[in-house]
Amino acid sequence: MAVGKNKRLSKGKKGGKKKIVDPFSKKDWYDIKAPSAFNTRNVGKTLVTRTQGTKIASDGLKGRVIEVSLADLQNNEADAYRNIKLRIEDVQGRNCLTNFYLGAQQVLGANKYLSKSMARSGVGHSPRLGSAGVGWQLGMDLTTDKLRSLVRKWQTLIEAHVDVKTTDGYFLRLFCISFTKKRPGQVKKTAYAQSSQIRQIRKKMVDIMTREATSCDLKELVGKFIPEAIGKEIEKSCQGIYPLQNTFVRKVKLLRAPKFDINKLMEVHGDYSAEVGDKIERPAEDIPGAATEEKTEAA
């Protein structure tokens, strides 16, 4: 090939290389704040792209769901068997305010039986819903390993569920699980309850869960879930029927939620205040060259 005939060899590839930009240079970190019901308020941090044009950073943060172990929120390793889900509801400054995750909003009329029972009293013991039913998991559940460790031989597993309405307008479905145990001094290997005893225990479960949930709002109800106050109350009241152990409200589902209210969110966060740094008086800096000008004027 003759020298100078192919001019493209000297210029390189057409278009050239694009400049590589680090994607993290366009993002900001935000702090995640847990509700005041927990001992630890700082859950962690999350990342979002900065506001550019019509794309606002806060819109990208709202609706994010964070799953945290209750052990981290309460600084107590004994609570590691329970997971809590929090949802970012509002953004103030660099802080993301969260609330208890209640899943997607659903229209209650999707199930005729359920809508009728809710319309009558707001509280009912309805049958299990099929695939056409409504119900979304609240952000509170037992870990899989904990649930598997509870199920053993030589004992009776008792479950109950009930629909309740809190004082602030949340329709919830509570699921309770419990296991029988040997009586004091029992020699017999098994601890099986009779069918009539199981029905009595299940009725007690439904009554206690209904009473505890309908007499408080969602924040107070979660405060009862954390120390397992409802499970202890069930064990105490069923002692005369058959001794129980490992009684938990294992799952909570949302059936219907009220409209979002920023004032209620601030009540959930209690004494929240945006962290603002203290003002520091900065000493006046010497301007370079100003000293030499003063000397020349004095001379």
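All values derive from a computational prediction rather than experimental measurement. We're numbering straight along the sequence, starting at 1.
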Report yes if some heavy atom in the side chain of [X] is under 4.5 Å from a heavy atom in the side chain of [Y]; otherwise report no.
X      : Y      : value
Leu97  : Val91  : no
Lys204 : Ile234 : no
Lys253 : Phe175 : yes
Arg211 : Glu233 : yes
Leu174 : Phe225 : yes
Lys146 : Arg82  : no
Lys26  : Val21  : yes

For [X] versus [Y], what's the shortest heavy-atom pair and its separation?
X      : Y      : value
Gln74  : Ile226 : NE2-CG2, 3.7 Å
Pro35  : Arg41  : O-NE, 3.5 Å
Thr167 : Ser215 : CG2-C, 4.0 Å
Ile158 : Ile201 : CD1-CD1, 3.7 Å
Asp72  : Thr40  : O-OG1, 3.2 Å
Val48  : Ala57  : CG2-O, 3.6 Å

- Task: Give the intermediate values and the outcome of side-chain contact (heavy atoms from CB on, under 4.5 Å) for residues Val43 and Thr98.
- Result: CA-CA 10 Å; Val43 177; Thr98 62; 5.5 Å; no

Between [atom1] of [X] and [atom2] of [Y], what distance do you get to the nearest 0.5 Å?
X      : Y      : atom1 : atom2 : answer
Asn246 : Thr180 : CG    : OG1   : 10.5 Å
Lys33  : Gln92  : NZ    : CD    : 11.5 Å
Arg94  : Lys45  : CZ    : NZ    : 9.0 Å
Arg87  : Lys85  : CZ    : NZ    : 12.5 Å
Tyr170 : Lys165 : OH    : NZ    : 13.0 Å
Ile88  : Arg64  : CD1   : CZ    : 6.5 Å

- Message: Using the rule side-chain contact (heavy atoms from CB on, under 4.5 Å), only one of Arg183, Lys181, Gln200 pairs with Tyr242; which is it?
- Response: Arg183

- Ile32/Leu86 under side-chain contact (heavy atoms from CB on, under 4.5 Å): CA gap, chis, key distance, verdict: CA-CA 10 Å; Ile32 301 169; Leu86 303 172; 5.7 Å; no

- Task: Apply the test side-chain contact (heavy atoms from CB on, under 4.5 Å) to residues Lys219 and Ser36: give CA-CA distance (whole Å), side-chain angles for both, the deciding distance (0.1 Å), then the verdict.
- Result: CA-CA 9 Å; Lys219 182 183 175 183; Ser36 58; 3.3 Å; yes

- Message: Would you call the rings of Phe100 and Phe38 parallel, tilted or perpendicular, taking 30° and 60° as the class edges?
- Response: perpendicular

Other residues, nucleotides and ligands only: do more than 12 of their heavy atoms fall within 6.0 Å of [atom1] on [X]?
X      : atom1 : answer
Lys62  : NZ    : yes
Gln239 : CD    : yes
Gln194 : CD    : no

- Task: Check which hydrophobic residues are tied to Phe179 through side-chain heavy-atom contacts below 4.5 Å, counting indirect links as well, and list them.
- Result: Tyr81, Leu142, Leu147, Leu150, Val151, Leu157, Ile177, Phe248

[X] side chain to [Y] backbone, donor-acceptor under 3.5 Å:
X      : Y      : result
Asp31  : Asn42  : no
Gln186 : Thr190 : yes
Arg202 : His161 : no

- Task: Kindly determine whether Asn39 and Asn76 satisfy side-chain contact (heavy atoms from CB on, under 4.5 Å), including the steps that lead there.
- Result: CA-CA 10 Å; Asn39 295 336; Asn76 185 7; over 6 Å; no

- Could Asp141 and Lys251 be called an ion pair, given the rule that one side-chain N must be under 4.0 Å from one carboxylate O? no

